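Every heavy atom of this structure was used, including side-chain atoms; hydrogens, water molecules and symmetry mates were not. These numbers come from a predicted model, not from an experiment.
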Amino acid sequence: MCTGANYTTRDHYFGRNLDLEFSYNETVTVTPRNFPFEFRKAAPLESHHAIIGMATIADGYPLYYDAANEKGLSMAGLNFPENADYKPEAAGKTNITPFEFIPWLLGQFETVGEVKAALQTMNLVDISFSAAFPLSPLHWIISDRTTSITVESVKEGLRVYDNPIGVLTNNPTFDIQSFNLNNFMHLSKNPPEKHFSDELDFDVYSRGMGAIGLPGDLSSASRFVKVAFTKMNSVSGDSESESISQFFQILGSVAQQRGCVEVSPGKFEITIYSSCCNTDKGSTTTRPTRTAR
């Protein structure tokens, strides 16, 4: 599972936690403007925007997990099992495989508005990179400095959601995740006020009681609520160090520690890395948290 988020101070920051029980030796990867991107069912890009992000390199091709381009557009693919549904090639559509989706979009576009226009003819096709790298079931958060969207290829077709929250986790679908926030509208960064009864006295005996009920478990639905609350109430200075530190604090609020999520006997899902890209400056900071076993 995973968590992606945006954060804006003086600059715009974008990044994610990668939560898995294994690693593909992913690393910070820069793709220069003149690196030729070949696509299985679309015309190649001989030149494009420069891209920086986290990727596994396979046969000289960067398989990006998350990235940003030199124009400030950023994107991350997050696990979306049982809901992701990729399609056969379709005539009259822009047929892009999911592993090509990040370089195809970030290579050409500068804003979320441009991306939304391009997605009107998008078809995410069911073609794996190789037998060693089959397709992962994913959905994506795509952001510029002011706007975010979520893209999901599901059985019913390609769904594009405005994402004013600026966060994404995993299942269920984004419309359900965002609707679920209605159940937590009572949470507050401020001390609670008495509504239970006028006939009883209550003691605000601790700081932070305004957020009693904020989920703390590691399910994707709970992480969505917690990272949304944390991010949307975060305050930091505008300096690079203060902003990056606060961004990693936001991701840290939903990080997974070894031993808390057992996926098979003796094997645990953990936060393998947390990434942060200053999309205004094109610089990336990554914190490898622990080695997967």
Side-chain angles (χ1 to χ4, degrees), residues 1-4 14-70 73-81 84-87 89 94-109 115 118 122-143 150-153 168 170 269-277 279 282 284-289 291-292:
M1 300 298 174
C2 312
T3 302
F14 179 89
R16 60 98 59 81
N17 288 341
L18 179 72
D19 302 331
L20 285 173
E21 67 273 22
F22 55 85
S23 171
Y24 282 112
N25 298 314
E26 55 284 327
T27 187
V28 176
T29 302
V30 177
T31 305
R33 299 185 189 105
N34 59 352
F35 177 89
F37 274 125
E38 299 286 339
F39 302 110
R40 300 295 174 90
K41 298 295 179 179
L45 291 177
E46 298 294 340
S47 61
H48 49 77
H49 302 316
I51 298 170
I52 185 171
M54 292 294 292
T56 293
I57 309 301
D59 298 329
Y61 196 96
L63 300 174
Y64 277 107
Y65 296 57
D66 50 270
N69 69 19
E70 62 182 298
L73 187 67
S74 52
M75 183 173 179
L78 282 70
N79 202 27
F80 195 45
D85 187 85
Y86 306 133
K87 310 300 182 184
E89 183 180 3
T94 304
N95 294 286
I96 297 295
T97 72
F99 71 83
E100 299 167 339
F101 197 26
I102 288 179
W104 190 84
L105 279 182
L106 297 187
Q108 301 182 78
F109 304 114
V115 170
M122 174 64 64
N123 183 43
L124 289 172
V125 294
D126 190 9
I127 300 174
S128 296
F129 181 80
S130 67
F133 291 96
L135 290 179
S136 298
L138 302 174
H139 61 171
W140 292 265
I141 180 171
I142 305 171
S143 305
T150 295
V151 177
E152 298 179 342
S153 182
L168 188 65
N170 313 106
E269 182 172 272
I270 60 171
T271 297
I272 293 177
Y273 75 77
S274 300
S275 64
C276 173
C277 181
T279 68
T284 293
T285 304
T286 305
R287 291 185 179 179
T289 51
T291 302

Undergrad: Could you tell me whether a side-chain N or O of S128 sits under 3.5 Å from a main-chain N or O of S130, the two making a donor and an acceptor?
TA: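 Here the side-chain-to-backbone pair does not exist.
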
Undergrad: Can you name the closest pair of heavy atoms from T279 and A68 and give their distance?
TA: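 Looking at all heavy atoms of both residues, the shortest contact is CG2-CB, 4.1 Å.
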
Undergrad: Hey, could you give me the CE/OG distance between M54 and S274, rounded to the nearest 0.5 Å?
TA: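 With rounding to 0.5 Å, CE (M54) is 10.0 Å from OG (S274).
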
Undergrad: As an exercise, state the distance from CD of E89 to CD1 of I96, rounded to the nearest 0.5 Å.
TA: 10.5 Å

Undergrad: Please find the pair of heavy atoms, one from V125 and one from N95, that lie closest to each other, and give the distance.
TA: CG1-OD1, 3.3 Å

Undergrad: Restricting to non-hydrogen atoms, name the atom on H49 and the atom on E70 that form the minimum distance, rounded to 0.1 Å.
TA: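 Looks like CA-OE2, 3.3 Å.
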
Undergrad: Measure from the ring center of F99 to the ring center of W104 and say whether it is less than 6.0 Å.
TA: no

Undergrad: For K87, does the NZ atom have more than 12 heavy-atom neighbours from other residues, nucleotides or ligands under 6.0 Å away?
TA: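 Enclosed.
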
Undergrad: Check whether the ring centres of Y24 and Y65 lie less than 6.0 Å apart, and answer yes or no.
TA: no

Undergrad: Please walk me through it: do T31 and H48 pass side-chain contact (heavy atoms from CB on, under 4.5 Å)?
TA: CA-CA 9 Å; T31 305; H48 49 77; 3.8 Å; yes

Undergrad: Which atom names give the shortest non-hydrogen contact between E100 and R40, and what distance separates them?
TA: OE2-N, 2.6 Å

Undergrad: Can you list the steps and then say if D85 with S153 is a side-chain hydrogen bond (donor to acceptor under 3.5 Å, both in side chains)?
TA: CA-CA 6 Å; D85 187 85; S153 182; 5.8 Å; no

Undergrad: Nearest 0.5 Å, what's the CD1-CG distance between I102 and N69?
TA: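 These two atoms lie 11.5 Å from each other.
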
Undergrad: Going by atom types alone, do Y273 and D19 pair a side-chain donor with an acceptor below 3.5 Å?
TA: no

Undergrad: What's the spacing between F35 CZ and L45 CG if we round to 0.5 Å?
TA: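 Interatomic distance, F35 CZ to L45 CG, rounded to 0.5 Å: 11.5 Å.
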
Undergrad: If every non-hydrogen atom of L63 is compared with every non-hydrogen atom of A58, which pair is closest and at what distance?
TA: CD1-CB, 3.9 Å

Undergrad: Does C2 offer a backbone N or O that forms a donor-acceptor pair with the side chain of N170 under 3.5 Å?
TA: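 Answer holds: yes.
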
